[in-house]
Amino acid sequence: MFARVLEPIPDDSAADAAAYQAMDHRQVNTTFVDDLLSGGGVGPRVIDLGCGPAGIALMLGERWRELEDAGGLSQSSFAEGQLQIMAVDFSVDMLELASFEIELNGMQDLVWLQQIDLTDPESLQEDLAQTIISNTVFHHLPDPITGIQVAMRALMPGGRIFIRDLFRPGSKDEVERLVEEHTDTDVEVDVAPEYAPSQLLRQSLLASLTLEEAREMVSAVGIPGEAVQMTSDRHWTLDWTSPGNGSVSIG
């Protein structure tokens, strides 16, 4: 086992955001949304921590709208009431991309944006949403527990946290195997070498937590460690519902 290696800070945040946007996240996002909806209740108020270009927020909004149009919301995992998604990120460049995508998809009534800093445990108010989600964001944080603290603070009593992130393998050889398996080297991407998909995945895996570290992290804020499980060859997932109940508007 080797120690966690933090990702380098991008020299050009706009180029970093554009490189991320150029990658195909559809399959990963679809799996995330499928697992979220199949595993328990969602909403009506949702916060997406580290939303990036808002791919997951938009897909979740699409699912809700499709069910609403078909009259199937009452039989779904969506809670009663109109879905409200607060998509948050620290990167202004990511939020600009997200704003464009939200407008392009006509989702302004379901998704709105806010800039927050996940390294600040008090960056969100208390008791904001019934569901807190995040996908492959925590490995970007110098101390990922601050992200969990943000989620716990913003979660309403009885609410659900669904967080998925990358897993740091036991060896650098295994990192390279995963990079080779999950990046298509035959597809040309017009970006600088440091923004190539293979390099971004490599850096992310090196910066990620092991399963044991993720369980220790959530245990430190009162979440049972077993709520974190391996859910793919490169992902761990936290799916946990807090005790109690409550409601408050974030709109």
Side-chain angles (χ1 to χ4, degrees), residues 7 9-37 42-66 68 78 82-120 123-125 128-141 144 146-147 150-151 153-155 161-166 189-191 195 197 200-201 203-204 235 249-251:
E7 294 174 308
I9 298 174
D11 293 330
D12 186 337
S13 60
D16 183 60
Y20 183 87
Q21 177 78 324
M23 296 168 65
D24 184 4
H25 301 283
R26 186 78 185 180
Q27 181 177 351
V28 171
N29 289 351
T30 298
T31 300
F32 182 95
V33 172
D34 286 346
D35 291 348
L36 172 67
L37 292 174
V42 175
R45 302 175 187 93
V46 178
I47 299 176
D48 183 3
L49 301 178
C51 64
I56 284 176
L58 290 171
M59 187 175 291
L60 195 59
E62 288 172 3
R63 299 284 185 91
W64 186 88
R65 188 166 285 171
E66 288 169 1
E68 182 191 36
F78 287 107
Q82 177 168 316
L83 184 68
Q84 303 173 53
I85 305 174
M86 178 191 289
V88 306
D89 206 290
F90 181 69
S91 168
V92 172
D93 296 293
M94 285 291 192
L95 291 172
E96 287 179 353
L97 291 174
S99 179
F100 174 80
E101 294 294 335
I102 291 167
E103 184 173 355
L104 181 67
N105 287 274
M107 288 281 179
Q108 299 94 322
D109 60 326
L110 299 183
V111 184
W112 71 98
L113 302 172
Q114 182 171 326
Q115 184 186 25
I116 73 161
D117 183 359
L118 287 177
T119 67
D120 176 5
S123 58
L124 285 175
Q125 297 177 5
L128 286 180
Q130 293 96 346
T131 310
I132 311 290
I133 64 174
S134 183
N135 186 48
T136 57
V137 170
F138 278 50
H139 67 273
H140 295 300
L141 303 176
T146 62
V150 171
R153 178 179 171 86
L155 187 70
I161 294 177
F162 187 86
I163 292 171
R164 177 164 293 167
D165 207 344
L166 291 166
V189 180
D190 187 19
V191 294
Y195 297 119
L200 292 178
L201 178 56
Q203 291 173 349
S204 293
H235 295 104
S249 175
I250 61 174

Legend entry - Backbone of Leu124 reached by a side-chain donor or acceptor of Arg153 within 3.5 Å: yes
Inset, instruction - Side-chain contact test, heavy atoms from C-beta onward, threshold under 4.5 Å: evaluate it for Leu60 versus Leu37 and give yes or no. - result: yes
Legend entry - Asn105 vs Glu62 side-chain heavy atoms within contact, under 4.5 Å: yes
Legend entry - Phe32 side, atom CZ; Ile56 side, atom CD1 - distance, nearest 0.5 Å: 4.5 Å
Legend entry - salt_bridge(Arg65, Asp109) N-O dist < 4.0 Å: yes
Legend entry - Flag if over 12 foreign heavy atoms under 6.0 Å of CD1, Ile9: no
Legend entry - Of Ile133, Asp89, Val137, Leu118, the residue whose pairing with Leu49 passes side-chain contact (heavy atoms from CB on, under 4.5 Å): Leu118
Inset, instruction - Can you measure from CE (Met86) to CD (Gln114) and round to the nearest 0.5 angstrom? - result: 4.5 Å
Inset, instruction - Using atom types as modelled and distance alone, determine if a side-chain donor or acceptor of Thr30 lies under 3.5 Å from a backbone N or O of Arg26. - result: yes
Inset, instruction - Locate the shortest heavy-atom distance separating Gly61 from Leu83; write the atom from each residue and the value. - result: CA-CD2, 4.1 Å
Inset, instruction - Could you tell me which non-hydrogen atom of Ser134 sits nearest to which non-hydrogen atom of Asp48, and how far apart they are? - result: CA-OD1, 4.1 Å
Legend entry - Gln27 atom CD, neighbour heavy-atom count above 12 within 6.0 Å: no
Inset, instruction - Report yes if the side chains of His235 and Leu166 come closer than 4.5 Å at any heavy-atom pair, otherwise no. - result: yes
Inset, instruction - Could you tell me which non-hydrogen atom of Pro53 sits nearest to which non-hydrogen atom of Met94, and how far apart they are? - result: CD-SD, 3.9 Å
Legend entry - Arg164 vs Asp35 side-chain heavy atoms within contact, under 4.5 Å: yes
Inset, instruction - Measure the shortest side-chain to side-chain distance between Asp34 and Arg63 over non-hydrogen atoms and say whether it is less than 4.5 angstrom. - result: yes
Legend entry - Heavy-atom pair with the smallest gap, counting every atom of Trp64 and Gln82: CZ2-CA, 3.6 Å
Inset, instruction - Would you give the length of the straight line joining atom OG of Ser91 to atom NE2 of His140, rounded to the nearest 0.5 angstrom? - result: 10.5 Å
Legend entry - Closest contact, heavy atoms only, Asn135 versus Val28: ND2-CG1, 4.0 Å
Legend entry - Gln115 and Val92: CA distance, side-chain angles, deciding distance, side-chain contact (heavy atoms from CB on, under 4.5 Å) verdict: CA-CA 7 Å; Gln115 184 186 25; Val92 172; 3.6 Å; yes
Legend entry - Gap separating the CG atom of Asn29 from the OG1 atom of Thr136, nearest 0.5 angstrom: 8.0 Å
Inset, instruction - Specify the closest pair of heavy atoms between Leu155 and Gln130, including all atoms of both residues, with the distance to one decimal. - result: CD1-O, 3.8 Å
Legend entry - Side chain to side chain, Ile85 and Met107, heavy atoms closer than 4.5 Å: no
Inset, instruction - Report the distance from atom CG of Leu141 to atom CD of Glu7, rounding to the nearest 0.5 Å. - result: 9.5 Å
